[in-house]
Number of protein chains: 2
Amino acid sequence: MTHEFSGDERAAVYRAIEERRDVRAFRTDPLPDAALQRILDAAHHAPSVGFMQPWNFIVVREPATKARVQAVFARENAHAAGRFEGERAELYRSLKLEGIMEAPVNLCVTCDRTRSGPNVLGRNTIIDTDLYSTCCAIQNLWLAARVEGVGVGWVSILRNEDLREIFGIPGHVMPVAYLCIGYPREFLDEPELQRRGWAERVPLETLVYDERWGAA
Amino acid sequence: MTHEFSGDERAAVYRAIEERRDVRAFRTDPLPDAALQRILDAAHHAPSVGFMQPWNFIVVREPATKARVQAVFARENAHAAGRFEGERAELYRSLKLEGIMEAPVNLCVTCDRTRSGPNVLGRNTIIDTDLYSTCCAIQNLWLAARVEGVGVGWVSILRNEDLREIFGIPGHVMPVAYLCIGYPREFLDEPELQRRGWAERVPLETLVYDERWGAA
């Protein structure tokens, strides 16, 4: 077995990375179970500290449950909008920031901070590495979804306490992401926040330092 | 422009996800700059909350600098080994957990918690979403490296205070990952911790819940 990737395979992975989008506008057709399984399996193949695999995936399809989450979003988003002024506030209010109700599947991704017991290889000094592993799983999931033609949107304007209550998540488990998943109305050619003039991509070269913080 | 991925493209992305490994044994041949640039650019195309792009990348090649990091690892790893007993302690000590000196490039990935100012779209209630974004960037980097035939190993047995001091990282910036990057001696067919009997992959179906925490 060769461990090399062909030029075409390389290009496919870079394409998925470049064309992945945060999706907030979904078609309502259902997500086939087989596709969801493949996407979850991609997440499950993420790296994890000490092979801890601290993640769980709560698959949400019930409109009543989604509506409870959407109500939390609406409340928190009203607060958030108040932080911006003038044109920026207007632009903020015009952005569609979630597709909770319309996406056929919502997914709450969590991190069990006690999995594998008190001693986890590689997790003695930097305790949040379990959360970091869970985020790697989410990025795998996001890329897998992209190649399935499935959109994913991360809704971060929520409160973890509310997610705990809605889903019965115990105290030793941290909600990490609340995702909307389904077929998108479209995949935009650039990030929506860039297209709408909210923010621009920073030139990569300004982010890379040589040997020490701040050294070009 | 079609937004669909072909079957071959899909397979390539799943292959990268499945064959990505945490690499700790490197060949010492240099990493071409062009490959490093492509890998960093993949990281830079990760999703970020409010398009915040909070990451920086400190590229480390100087043996003297690596040696300082390696000394921190050695000290912390000696402590960590003491947490295991009997056969488990013996197995722990037999594992190679880092390739800091031999990897041609080390990379400290950081998160600037103040980037984009005090009001970041989507980051009002869950403040750590900037760290989560940085982890998504790391997973992009890891997959891009895999298709380049380049290995990445995440060294988590370090202390952030030491990384701050060694690299001059200011207080508002969080070190998120310290990575060893270079051509690997080999890509293993399964995770090393699994092959060596340290831990097993958990069956995915036990990690997926329906509508609520704990519901199968």
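Convention: sequence-line order gives letters A, B, ...; per-chain numbering from 1.
Interface check for chain B: of the options A:Arg61, A:His79, A:Glu18, the most heavy-atom pairs under 4.5 Å are formed by A:Arg61. Interface summary for chain B: among A:Ser6, A:Gly149, A:Ala42, A:Ala11, the most heavy-atom pairs under 4.5 angstrom belong to A:Ala42. With chain A as partner, the option from B:Cys108, B:Pro170, B:Pro118 having the largest number of non-hydrogen pairs under 4.5 angstrom is B:Pro170. Considering only heavy-atom pairs separated by less than 4.5 Å from chain A, the leading option among B:Asp112, B:Leu193, B:Val49, B:Leu121 is B:Leu121. Ranked by heavy-atom pairs under 4.5 Å with chain B, the list A:Ile157, A:Ile138, A:Asn119, A:Asp210 is led by A:Asn119. No other option in B:Gly214, B:Cys136, B:Ala81 has as many heavy-atom pairs under 4.5 Å with chain A as B:Cys136. When each of B:Gln37, B:Arg38, B:Met52 is scored by its heavy-atom pairs under 4.5 Å with chain A, the top score falls to B:Arg38. The most heavy-atom pairs under 4.5 Å with chain B, out of A:Ser133, A:Gly168, A:Ser116, come from A:Gly168. Of all the listed residues (A:Thr129, A:Leu143, A:Ile126, A:Ile169), the one sharing the greatest number of non-hydrogen pairs under 4.5 Å with chain B is A:Ile126. The residue among B:Leu204, B:Leu107, B:Val60 with the most heavy atom pairs within less than 4.5 Å of chain A is B:Leu204. Considering only heavy-atom pairs separated by less than 4.5 Å from chain B, the leading option among A:Thr206, A:Val13, A:Ile58, A:Asp8 is A:Ile58.
Neither the backbone nor the side chain of A:Pro184 comes within contact range of chain B; no heavy atom of the residue lies under 4.5 Å from a heavy atom of that chain. In this structure, chain B has no heavy atom under 4.5 Å from any part of A:Arg88. When heavy atoms are compared at a cutoff of 4.5 Å, B:Arg21 does not approach chain A at all. No part of B:Arg164 comes within reach of chain A, as not one of its non-hydrogen atoms sits under 4.5 angstrom from that chain. Within the 4.5 angstrom heavy-atom criterion, atoms from both the backbone and the side chain of B:Trp55 approach chain A. Residue B:Val202 touches chain A through both its backbone and its side chain, counting heavy-atom pairs closer than 4.5 Å. The parts of B:Arg201 that come within reach of chain A are both its backbone and its side chain, each placing non-hydrogen atoms under 4.5 angstrom from that chain. Heavy atoms closer than 4.5 Å to chain B are found in the side chain of A:Arg20, but not in its backbone. Proximity to chain A (any heavy atom under 4.5 Å) is restricted, for B:Leu97, to the side chain, taken from C-beta onward. In this structure, the portions of B:Arg10 lying under 4.5 Å from any heavy atom of chain A include both its backbone and its side chain. For chain A, the nearby parts of B:Pro47 are the backbone and the side chain; heavy atoms of each come within less than 4.5 Å. Both the backbone and the side chain of A:Val208 come within contact range of chain B, each with at least one heavy atom under 4.5 Å from a heavy atom of that chain. Neither the backbone nor the side chain of B:Val155 comes within contact range of chain A, judged by heavy atoms closer than 4.5 Å. Contact of B:Asp41 with chain A is made through backbone and side chain together, with heavy-atom distances under 4.5 Å. Heavy atoms of A:Asp22 lying under 4.5 Å from chain B are absent altogether. For B:Ile166, the part sitting under 4.5 Å from any heavy atom of chain A is the backbone (N, CA, C, O) and nothing else. Contact annotation for B:Tyr132: both backbone and side-chain heavy atoms come within less than 4.5 Å of a heavy atom of chain A.
With respect to the salt-bridge test (charged N to carboxylate O, under 4.0 angstrom), the residues A:Arg75 and A:Asp162 qualify. Using a 4.0 Å cut-off between a side-chain N of Lys or Arg and a carboxylate O of Asp or Glu, A:Arg159 and A:Glu76 qualify as a salt bridge. Ionic pairing of A:Asp128 and A:Arg113 is present here: one or more N-O contacts between side-chain nitrogen and carboxylate oxygen are shorter than 4.0 angstrom.
Not one N or O on the side chain of B:Thr134 forms a donor-acceptor pair closer than 3.5 Å with the backbone of B:Cys111. Formation of a donor-acceptor pair under 3.5 Å by the A:Gln53 side chain with backbone atoms of A:Phe51 is found in this model.
No donor-acceptor contact under 3.5 angstrom links the side chains of B:Glu9 and B:Tyr14, judged on distance only. Between the side chains of A:Tyr92 and A:Asn77, a donor-acceptor pair is found at a separation under 3.5 Å. Using a 3.5 Å distance cut-off with no hydrogens or angles, the side chains of B:Thr65 and A:Arg212 do not pair a donor with an acceptor.
The environment of B:Glu200 atom CD is sparse: at most 12 non-hydrogen atoms of other residues, nucleotides or ligands sit within 6.0 angstrom. For A:Glu85, the CD atom counts as loosely surrounded, since its 6.0 Å shell holds 12 or fewer non-hydrogen atoms of other residues, nucleotides or ligands.
Between B:Leu163 and B:Thr110, every side-chain heavy-atom pair lies at or beyond the 4.5 Å cut-off. A 4.5 Å side-chain heavy-atom check between A:His3 and B:Asp189 finds at least one atom pair inside the cut-off. Using a 4.5 Å cut-off on side-chain heavy atoms (C-beta onward), B:Asn56 and A:Trp213 make contact.
Annotation: cation-pi pair A:Arg146/B:Phe5 absent, no NZ/CZ under 6.0 Å from the ring centroid and within 45° of its normal. Geometrically, B:Arg24 does not engage B:Trp154 in a cation-pi contact defined by less than 6.0 Å to the ring centre and at most 45° from the axis.
Nearest heavy-atom pair across A:Gly151 and A:Val23 is CA-CG2, 3.8 Å.
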